[in-house]
> 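Got a structure here, written out as structure tokens. Questions coming.
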Amino acid sequence: MRRVRHESPGGPLFLEEAAVPEPAPGELLVRCEAVGVTLPVVRKVTEAAGPIPLGGEIAGEVVAVGEGVTRFRTGERVTGLCFGHGYADFAPLHEAMASPVPDGATAVDAVALVRSGLVALGALTAARPEPGESALVTAAASGVGHLAVQLARTRGAVRVVGAVSDPGKADFVRSLGADDVVSYGDASWGEPVGYALDAVGGDLLTPAVAALAPGGRLVAYSSGGGTVQAYDLLVGAKSVIGFQMARIARGEPELYERWRQELWSLFAEGALRPAVHGEFALEDAARAHAVIESRGNRGKVVLRP
């Protein structure tokens, strides 16, 4: 089979031939039809001290199951998060991380919706939204952000503001249902909001906190770090909440599954529309990574083995 590797920090990425893996106990072997490209994986390639397996979101057909697997059989279509080599024709997927792909949904729909949607829905839930509040979503055109814009509306937001790095993304974000779109460098982000979902971190934390109304909540789910001044929180009785999807996946499987079912229900109803920026062949993985690195994507970036 083919898989994508890198041997040094920063790449380059290259395609190699490798043996088809055998599923370990508790694992499925999936023939990959679509693979989601995410910023955390791109950052690992550029920042890791040495080569790492390129894992991530995969979707496809189960072709073999390991010992002890009870929920899935060969021939079924699944999606989930692969911690091994996911940029490949075949990839291992732990049963606990797998979710059925319903009829009527494609593999591309699945990788664009499920993992990114779980992060968006989890961050939104952590914000404790109240009907009638307004919402701010940073990185609003990203794989997670474009779903968060739509999900905020389903949770009762009366006004949704999308914040983007490039004004050229404004029309795309408005097409998702955002009422207003601001650029990171704007002097003002408009009327204060009840809560903000921040996927950027770093220097953007300061204007994001400033955009909150008194009592507002910011949910930080970025790996970008950053610092918030305590005084900025005190004067407006504001709060910052950290959210990490891995904690839910490992420690609260029932909630994880309930959120997955909610995402698919919203998809079936037409209330949640995953957008795909582009589809790339495995041999073009470097080009896919470049799109993510440049923050040029509008929706999900997908590899098609």
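Both backbone and side-chain heavy atoms feed into the values below; hydrogens, waters and symmetry mates do not. Along the sequence shown, residues carry numbers from 1. Since this is a predicted model, take the numbers as computed values, not measurements.
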> On a heavy-atom basis, which atom in L39 and which in R295 lie closest, and how many Å separate them?
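Taking L39 first and R295 second, the nearest heavy atoms are CD1-NH1, 3.9 Å.
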> What is the distance from atom CG of L266 to atom CZ of R153, rounded to the nearest 0.5 Å?
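Reported to 0.5 Å precision, the distance equals 14.5 Å.
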> Hey, is the main chain of G36 close enough, under 3.5 Å, to the side chain of K300 for a donor-acceptor pair?
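Not a single qualifying donor-acceptor pair exists.
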> Counting C-beta onward and ignoring hydrogens, is there a side-chain heavy-atom pair between V37 and Y87 closer than 4.5 Å?
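Counting from C-beta outward, V37 and Y87 do come under 4.5 Å.
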> Can you tell me if Q150 uses its side chain to pair, donor with acceptor, with the backbone of H146 under 3.5 Å?
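The answer is yes, because a donor-acceptor pair under 3.5 Å joins these two groups.
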> Could you give me the CA-CA distance, side-chain angles and deciding distance for L205 and T227, then say whether side-chain contact (heavy atoms from CB on, under 4.5 Å) is met?
CA-CA 7 Å; L205 282 173; T227 302; 6.0 Å; no
> For atom CG of D166, decide whether the heavy atoms of other residues, nucleotides or ligands shown that lie under 6.0 angstrom number more than 12.
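Yes.
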> Over all heavy atoms of both residues, which pair between V114 and L263 is shortest? Give the atoms and the distance, please.
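Looking at all heavy atoms of both residues, the shortest contact is O-CD1, 3.7 Å.
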> When rounded to the nearest 0.5 angstrom, what is the spacing between CG in L212 and OH in Y195?
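Spacing of CG (L212) from OH (Y195) equals 11.5 Å.
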> Would you confirm whether K238, through its side chain, and A213, through its main-chain N or O, come within 3.5 Å as a donor-acceptor pair?
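A pair under 3.5 Å: no.
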> Using a strict threshold of under 4.0 Å (side-chain N to carboxylate O), is an ion pair present between E130 and R217?
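Salt bridge between R217 and E130, a charged N being under 4.0 Å from a carboxylate O: no.
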> So, the side chain of E47 versus the backbone of K44: is there a donor-acceptor pair under 3.5 Å, distance only?
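Not at all, since once roles are kept as given, no pair shorter than 3.5 Å links the two residues.
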> Compare every heavy atom of T79 with every heavy atom of I58, then report the nearest pair and how far apart it is.
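Taking I58 first and T79 second, the nearest heavy atoms are O-OG1, 2.8 Å.
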> Return yes when atom CD of E7 has more than 12 non-hydrogen atoms of other residues, nucleotides or ligands closer than 6.0 Å, and no otherwise.
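Buried by this count: over 12 neighbours within 6.0 Å.
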> Would you say H289 and V301 make side-chain contact, with heavy atoms under 4.5 Å?
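H289 does not reach V301 side chain to side chain.
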> Are Y184 and V173 connected into the same hydrophobic cluster when the rule is that any two of I, L, V, M, F, W, Y join if their side-chain heavy atoms are below 4.5 Å apart?
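Different hydrophobic clusters.
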> Is there side-chain contact between V137 and V149, with at least one heavy-atom pair below 4.5 Å?
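Touching, per the 4.5 Å side-chain cut-off.
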> So that I know where these two stand, are F90 and H85 an aromatic pair - ring centroids less than 6.0 Å apart?
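No, ring centres 6.0 Å or more apart.
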> With a 4.0 Å cut-off, would you call E191 and R159 a salt bridge?
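Here E191 does not pair with R159 in a salt bridge, since their nearest N and O are not under 4.0 Å apart.
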> Out of curiosity, M1 CE to C32 SG, how far, rounded to the nearest 0.5 Å?
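Rounded to the nearest 0.5 Å, the CE-SG separation comes out at 8.5 Å.
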> Within the side chain of W189, is there an N or O that forms a donor-acceptor pair under 3.5 Å with the backbone of S183?
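Yes, the answer is positive, given that a donor and an acceptor are paired below the 3.5 Å cut-off.
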> Would you say that H6 contacts I52 through its side chain, given a criterion of any heavy-atom pair below 4.5 Å between the two side chains?
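A side-chain contact exists here, since the closest heavy-atom pair is under 4.5 Å.
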> Can you tell me if R260 uses its side chain to pair, donor with acceptor, with the backbone of A98 under 3.5 Å?
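Side chain of R260 to backbone of A98: a pair is present.
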> I'd like to know if R43 pairs up with E293 as an ion pair, taking the criterion as any Lys NZ or Arg NE/NH1/NH2 lying under 4.0 Å from an Asp or Glu carboxylate oxygen.
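No, no charged N to carboxylate O under 4.0 Å.
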> Could you tell me whether R5 and E16 make a salt bridge, using a distance below 4.0 angstrom between a side-chain N and a carboxylate O?
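Counted as a salt bridge, because a side-chain N and a carboxylate O are separated by less than 4.0 Å.
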> Do the side chains of E262 and R155 get close enough for a salt bridge, i.e. N-O under 4.0 angstrom?
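R155 and E262: salt-bridged.
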> Evaluate the criterion side-chain contact (heavy atoms from CB on, under 4.5 Å) for residue pair I241 and L218; output intermediate values, then yes/no.
CA-CA 6 Å; I241 303 159; L218 181 143; over 6 Å; no
> Would you give the length of the straight line joining atom CG of D89 to atom CG of L282, rounded to the nearest 0.5 angstrom?
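Reported to 0.5 Å precision, the distance equals 6.0 Å.
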> Taking R3 for the side chain and E17 for the main chain, is one N or O donor matched with an acceptor at less than 3.5 Å?
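No; zero donor-acceptor contacts below 3.5 Å.
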> Salt bridge or not for R287 and D284, using N-O below 4.0 Å?
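Salt bridge flag = yes for D284 with R287.
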> State, with a plain yes or no, whether a side-chain heavy atom of D198 is found less than 4.5 Å away from one of V219.
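Contact flag for D198/V219 side chains = no.
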> For the pair E279 (side chain) and L303 (backbone), establish whether a donor and an acceptor sit closer than 3.5 Å, ignoring hydrogens and angles.
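No: the side chain of E279 does not pair with the backbone of L303.
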> What distance do L147 atom CG and L197 atom CG have between them, rounded to the nearest 0.5 Å?
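Taking CG in L147 and CG in L197, the distance rounds to 12.0 Å.
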> Quick check: is L28 connected to L81 through a chain of hydrophobic side chains (ILVMFWY, heavy atoms under 4.5 Å apart)?
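Yes, same cluster.
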> Measure the acute angle between the ring planes of F243 and W259, then classify it against the limits of 30° and 60° as parallel, tilted or perpendicular.
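Geometry flag for W259 against F243: tilted rings.
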> Just so I know, are the side chains of L54 and L13 near enough to count as touching, which here means a heavy-atom distance under 4.5 Å?
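The answer is yes; the side chains approach within 4.5 Å.
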> Would you say L255 and L151 are hydrophobically clustered, going by side-chain heavy atoms of ILVMFWY under 4.5 Å?
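As far as the 4.5 Å side-chain criterion goes, L151 and L255 are connected within one cluster.
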> Quick one: are V111 and V35 in side-chain contact, heavy atoms under 4.5 Å?
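Heavy-atom side-chain distance check fails, nothing below 4.5 Å.
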> So which atom in R304 and which in V108 form the shortest heavy-atom distance, rounded to 0.1 Å?
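What the structure gives for the nearest pair is NH1-CG2, 3.3 Å.
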> Judged by atom type as modelled, is there a donor-acceptor pair below 3.5 Å linking the side chain of H277 to the main-chain atoms of R298?
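Checking the backbone N and O of R298 against the side chain of H277, a donor-acceptor pair under 3.5 Å is found.
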> Look up atom CE in M97 and atom CZ in F83, then write down how far apart they are to the nearest 0.5 Å.
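If I round to the nearest 0.5 Å, the distance is 4.5 Å.
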> G145 and S142: which non-hydrogen atoms are nearest, and at how many Å?
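Closest approach of G145 to S142: N-OG, 2.9 Å.
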> Under 4.5 Å between any side-chain heavy atoms of L121 and L118, yes or no?
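SC-SC contact between L121 and L118 ruled out.
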> Quick check against the 3.5 Å criterion: does E76 have a side-chain atom that pairs as donor or acceptor with the backbone of R73?
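Looks like yes, one N/O pair under 3.5 Å.
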> List the atom of P92, the atom of L29, and the distance in Å for their closest heavy-atom pair.
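Here P92 and L29 meet closest at N-CD1, 4.3 Å.
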